[in-house]
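Note sheet for the following structure.
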There are 2 protein chains.
Amino acid sequence: MPVSSADPPGDRPSARDAFSDLALAVFRLNGGLIEAGDALVQDLGLTSARWQVLGAIALAPAPLPVAHIARNMGLARQSVQRVVDDMQAEGLVRLAPNPHHRRAALVAMTPSGEAAYHRAIARKDRWADGLTDGLPPAAITAAVRLLRTLQERIDASHAHIATLAGAPRQESEE
Amino acid sequence: MPVSSADPPGDRPSARDAFSDLALAVFRLNGGLIEAGDALVQDLGLTSARWQVLGAIALAPAPLPVAHIARNMGLARQSVQRVVDDMQAEGLVRLAPNPHHRRAALVAMTPSGEAAYHRAIARKDRWADGLTDGLPPAAITAAVRLLRTLQERIDASHAHIATLAGAPRQESEE
DNA sequence: GTCGAATGGACAGCTTACTGTCGATTGGGG
DNA sequence: CCCCAATCGACAGTAAGCTGTCCATTCGAC
């Protein structure tokens, strides 16, 4: 998405500008988290993406097929598929036959995958302790709630976006 | 980065878990914003990435070389370079000679680039009005502040990460 | 029982970020 | 004055997301 203009001249910061600032902050933090996550687990044979997939596997009560994992993560099937293929080739994950569907194998961690995942979590926890030191937990959870609310509204706004983008004129006057 | 485990059993949500939840929310919202931004400006010949680069150009008081724009955006030079090349090929942006450096041309918007950019902003504003409706602006700015604080701490934590990742043992005991 | 929709994987190709390496240009220290 | 460090662009290659198309499998409606 976009870039904010400088916040407003004199008055209260409009929700518009606050939203733009938030979008910028999300883009930057996304990059920072991925970069830091990669550095944190690099020597375990993991990356941020692999770690996230392992997390989705760990979170599920039973092994799932790739497409199901992708749905849980909010990603496209193929994105997860490639990561799983790579991890399978390196022995972090294995594919178990699915009694309910012949082609849709179930993805499960190997012992070495579990070991890497747990070491990753331990590192993340110690890292997070430093990052959140002195920040009120309530502030963090409030931010999480706000981000999730926006996420839900965005997911629900596809029709509105089509209107805004499709409307031939009328956008010159906002 | 990672995935949270379920939030804690009975007690207060630990900052650790809140942090994991925040990371997840940031990943998802990042994806949602990019997707929505792409849809919003698609017919203008823009993408979220192009729009952000144009924003960085618009924000600067004077035209800048690619490497400088990239620094301002927190991205790698090459990422911006390719987007600029594409936009130049399509006439959204033009390269002006740099009096101070023969090879480092200055990037400036063409009139058609400016037009697209302003239409994009108008759409974003109307979209943002809907998304933030009923949300207290203070909540948004508070979230922005939190995200920026974390961003700064992450940027400053590279040494710490190296310690956590490098320390051969000791991570089994957190 | 059969057909069709929903779901899943495979294959191919695109976008946007990254990295590393190279040569060109500039400007400052000795 | 010269050389070195910093900066910039070019080129090449990687990671991680996306899309679209195709075929296989399953399951439910009829």
Side-chain angles (χ1 to χ4, degrees), chain A residues 1 26-39 41-42 45-54 56 63-90 93 95-107, chain B residues 1 26-39 41-42 45-54 56 63-90 93 95-107:
Chain A
M1 250 258 311
V26 167
F27 292 145
R28 268 217 162 70
L29 189 51
N30 180 70
L33 288 170
I34 289 174
E35 183 191 338
D38 282 344
V41 297
Q42 178 187 5
L46 295 183
T47 63
S48 287
R50 292 180 176 195
W51 180 1
Q52 277 185 267
V53 171
L54 292 182
L64 303 173
V66 164
H68 202 316
I69 295 173
R71 250 199 321 277
N72 287 352
M73 295 178 69
L75 298 182
R77 262 197 333 258
Q78 294 313 317
S79 315
V80 175
Q81 184 75 54
R82 196 182 32 69
V83 172
V84 165
D85 289 345
D86 293 349
M87 285 199 289
Q88 193 215 3
E90 293 180 30
V93 131
L95 299 181
N98 182 345
H100 298 322
H101 194 304
R102 199 182 313 166
R103 285 195 59 180
L106 302 172
V107 185
Chain B
M1 250 262 308
V26 166
F27 292 146
R28 268 214 161 73
L29 189 51
N30 179 70
L33 288 170
I34 289 174
E35 184 190 337
D38 282 344
V41 297
Q42 178 186 7
L46 295 183
T47 63
S48 287
R50 291 179 176 197
W51 180 1
Q52 277 185 268
V53 170
L54 292 182
L64 303 173
V66 164
H68 203 317
I69 295 173
R71 252 200 318 277
N72 287 352
M73 296 178 68
L75 297 182
R77 265 202 323 267
Q78 295 313 317
S79 316
V80 175
Q81 184 75 54
R82 196 185 31 72
V83 172
V84 165
D85 289 345
D86 291 351
M87 286 198 288
Q88 194 216 1
E90 292 179 30
V93 130
L95 299 181
N98 183 344
H100 298 321
H101 195 303
R102 200 182 310 168
R103 288 194 59 179
L106 301 174
V107 185

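Per chain, numbering begins at 1; letters A, B, ... match sequence-line order. Any value given below was found using the heavy atoms of this structure, including those in side chains, with hydrogens, waters and symmetry copies removed. Source: prediction; values computed, not measured.
- First and last contacts of DNA chain C with chain A, using any nucleotide atom under 4.0 Å from a protein heavy atom and ordered 5' to 3', fall at dG8(C) to dC11(C).
- Remark: L64(B) engages A60(B), H68(B), I69(B), N72(B) in a side chain to side chain contact (heavy atoms under 4.5 Å, CB included) (not counting sequence neighbours).
- For DNA chain D, the outermost nucleotides in 5' to 3' order that have an atom under 4.0 Å from a heavy atom of chain B are dC8(D) to dC11(D).
- With no hydrogens or angles considered, a side-chain donor-acceptor pair links S48(B) and D38(B) at under 3.5 Å.
- With sequence neighbours excluded, no residue satisfies side chain to side chain contact (heavy atoms under 4.5 Å, CB included) with Q42(B).
- In this structure, the separation between CD on Q52(A) and CD1 on I34(A) is 7.0 Å, given to the nearest 0.5 Å.
- Note on R103(A): a base of the nucleic acid sits closer than 4.0 angstrom, heavy atoms only.
- Residue-to-nucleotide proximity on DNA chain D shows that, of R50(A) and R77(B), the 5′-proximal contact is made by R77(B).
- Nearest approach of R77(B) to A67(B), heavy atoms of both residues: CD-CB, 3.4 Å.
- The residue R71(B) sits close only to the backbone: its heavy atoms come under 4.0 Å of sugar-phosphate atoms, none of a base.
- Listed by chain and residue number, D86(B) satisfy the salt bridge (charged side-chain N to carboxylate O under 4.0 Å, His left out) test with R82(B) (two or more places apart in sequence, or in another chain).
- Minimum heavy-atom separation, L95(B) to A105(B): CB-CB, 3.9 Å.
- Applying the side chain to side chain donor-acceptor pair (under 3.5 Å) test to D85(B) and every residue at least two apart in sequence or in another chain returns Q81(B).
- Between L106(A) and R82(B), the residue whose closest nucleotide on DNA chain C is further toward the 5' end is L106(A).
- Within 4.0 Å of A76(B), counting heavy atoms only, lies at least one base atom of the nucleic acid.
- E35(A) comes within contact range of no nucleotide atom at all, as no heavy-atom separation falls under 4.0 Å.
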